[in-house]
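See structure below.
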Protein chains: 2
Amino acid sequence: MSLYTIAQASEEVDLTPYTLRYYEKEGLLPNVTKDSGGRRKYHDDDLQRIGFIKCLKGTGMSLKQIKEYGDLYEQGKAKFKERNAMLEEHREKILQEIKTQKKYLKMVEAKIEMKI
Amino acid sequence: MSLYTIAQASEEVDLTPYTLRYYEKEGLLPNVTKDSGGRRKYHDDDLQRIGFIKCLKGTGMSLKQIKEYGDLYEQGKAKFKERNAMLEEHREKILQEIKTQKKYLKMVEAKIEMKI
DNA sequence: CTAACAGTTAAAGTTAACTCTAAGTCAAGA
DNA sequence: TCTTGACTTAGAGTTAACTTTAACTGTTAG
């Protein structure tokens, strides 16, 4: 199957239908189509895109920035450089964040070991 | 030195005075004292505590939960078990989160390498 | 044919975590 | 003494990211 109702897509990507509509309203999902009755139809491409949105969001990128990235993506090859620059910068941020998380992990573990 | 004005404490822990007052209002900093003129005086203990709050917060714990933890902490040895259980659970969460971050890092790197 | 259901929209409401404002106080320097 | 500046408070405002509501519509099972 390669077409999903909002309920099915919601299940598939583990986001509520509210959130999916919200993301679309915010311009993050420009390619979701509608059937003759006006209902959303999600394609595999849309689900892929949502997956990447979740990745960016899960690593601390704001929806606003994710939209910027998506807008560049829509402009194709012409904006490849800018787009990749965003990702490379974000990559650094994730690396930094993992470091910080590891430091915090040590702090929590130290507190656990303190036994007081 | 072991006493800090709110401005100094703010500088020291890299949080705004607004945030420090907010944390106090929320019950996260029960031991901040005031001088004769009613001004806050932060002790080294307070700064340590703020440091740990930042650690918990930075690893995704809500202020509400941090307050719960702090409240248990205030009750000393009697609540040691509960308190440590919270930390151990949180430790698992951090480990899981680091895993997720690493997965997302791979996804971003893959997208960068895609060159399209 | 009709009732139930799954969807639609615009707009209002919610939550967490700040962030700021307004009005006031107090200590210190010219 | 006067003013400046750093603080105080209660309470209002902000922001991001949803989440819900209300009113409505098209599809389908009986």
Side-chain angles (χ1 to χ4, degrees), chain A residues 1 3-43 46-47 49-71 90 93 97, chain B residues 1 3-43 46 49-71 90 93 97 104:
Chain A
M1 212 212 304
L3 285 183
Y4 305 78
T5 64
I6 197 165
Q8 290 163 340
S10 161
E11 178 82 8
E12 209 66 36
V13 302
D14 196 29
L15 291 175
T16 69
Y18 295 139
T19 304
L20 290 178
R21 290 191 203 99
Y22 173 66
Y23 281 5
E24 195 179 329
K25 187 164 62 179
E26 294 300 304
L28 272 62
L29 300 172
N31 302 321
V32 175
T33 55
K34 306 259 178 95
D35 69 13
S36 58
R39 297 192 186 153
R40 287 171 178 78
K41 281 292 164 193
Y42 293 81
H43 298 247
D46 297 316
L47 301 196
R49 188 168 182 141
I50 295 166
F52 199 58
I53 289 171
K54 286 186 74 172
C55 163
L56 295 177
K57 195 173 164 295
T59 46
M61 192 183 283
S62 69
L63 293 187
K64 190 178 164 184
Q65 267 191 304
I66 294 172
K67 176 171 160 44
E68 277 174 44
Y69 172 78
D71 288 349
H90 191 60
K93 193 177 146 188
E97 182 59 19
Chain B
M1 211 216 301
L3 284 184
Y4 306 78
T5 65
I6 197 165
Q8 289 163 341
S10 161
E11 177 82 8
E12 208 67 33
V13 301
D14 197 30
L15 291 175
T16 69
Y18 293 140
T19 304
L20 290 178
R21 288 192 203 100
Y22 172 68
Y23 281 4
E24 196 178 329
K25 187 162 60 178
E26 293 300 304
L28 272 62
L29 301 172
N31 302 320
V32 175
T33 55
K34 307 261 178 95
D35 68 12
S36 59
R39 295 192 185 154
R40 287 172 178 79
K41 280 293 164 192
Y42 293 82
H43 299 249
D46 297 317
R49 188 171 182 137
I50 295 165
F52 198 58
I53 289 171
K54 287 186 73 172
C55 162
L56 294 177
K57 194 173 165 296
T59 47
M61 193 182 283
S62 69
L63 294 187
K64 191 178 163 183
Q65 267 192 304
I66 295 171
K67 176 171 160 42
E68 277 174 43
Y69 173 79
D71 288 349
H90 191 59
K93 194 177 146 187
E97 182 60 19
Y104 284 156

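Every residue meeting the side chain to side chain contact (heavy atoms under 4.5 Å, CB included) condition with B:Lys41, not counting sequence neighbours, appears here in chain and number order: B:Leu3, B:Thr5, B:Thr33, B:Asp35. For the side chain to side chain contact (heavy atoms under 4.5 Å, CB included) test, residues two or more places apart in sequence or in another chain that qualify with A:Glu24 are A:Leu29, A:Val32, A:Lys34, A:Arg40, A:Tyr42. A search for side chain to side chain contact (heavy atoms under 4.5 Å, CB included) contacts involving A:Asn31 returns A:Asp46, A:Arg49, A:Glu74, not counting sequence neighbours.
Atom OG1 of residue A:Thr19 and atom CD1 of residue A:Ile53 lie 11.5 Å apart, to the nearest 0.5 angstrom. B:Glu68 CD to B:Leu28 CG: the interatomic distance, rounded to the nearest 0.5 Å, is 11.0 Å. Of the inter-residue distances, the one linking B:Ile66 atom CD1 with B:Phe52 atom CZ reads 9.0 Å to the nearest 0.5 angstrom. Rounding to the nearest 0.5 angstrom, the gap separating the NE2 atom in A:His90 from the CG atom in A:Leu56 is 5.0 Å.
Both A:Lys25 and A:Arg39 lie near DNA chain C, and the one whose nearest nucleotide falls closer to the 5' end is A:Arg39.
Remark: B:Glu11 CD is loosely packed, at most 12 non-hydrogen atoms of other residues, nucleotides or ligands lying under 6.0 Å away. Heavy atoms of other residues, nucleotides or ligands lying less than 6.0 angstrom from NZ of B:Lys93 number more than 12.
At least one side-chain nitrogen or oxygen of B:Arg40 sits closer than 4.0 Å to the OP1 or OP2 atom of D:dT9. Between A:Thr19 and the phosphate of D:dT19, there is a side-chain N or O to OP1/OP2 separation shorter than 4.0 Å. Put simply, A:Tyr22 has no side-chain N or O that comes within less than 4.0 Å of OP1 or OP2 on D:dT20.
For the contact set between residues 30-37 of chain B and DNA chain D, defined by any heavy atom under 4.0 Å, the members are B:Lys34. Non-hydrogen atoms lying under 4.0 Å from DNA chain D are contributed by nothing in residues 53-64 of chain B.
One atom, CZ of B:Arg21, and another, P of D:dA12, lie 18 Å apart when rounded to the nearest Å. Spacing between atom CD1 of A:Ile6 and atom P of D:dT19 amounts to 14 Å, rounded to whole angstrom units. Atom CG in B:Leu20 sits roughly 11 Å away from atom P in D:dC7 (whole-Å rounding). When rounded to the nearest whole Å, the span between CG of A:Leu29 and P of D:dC18 equals 12 Å.
Across A:Lys54 and A:Asp14, no two heavy atoms sit closer than the pair NZ-O, 3.7 Å. For the pair A:Ser10 and A:Leu15, the tightest heavy-atom approach, listed with the atom from each and the gap, is OG-O, 2.7 Å.
Using a 4.0 Å cutoff to heavy atoms of chain A, the contacted part of DNA chain C runs 5' to 3' from C:dA6 to C:dT9.
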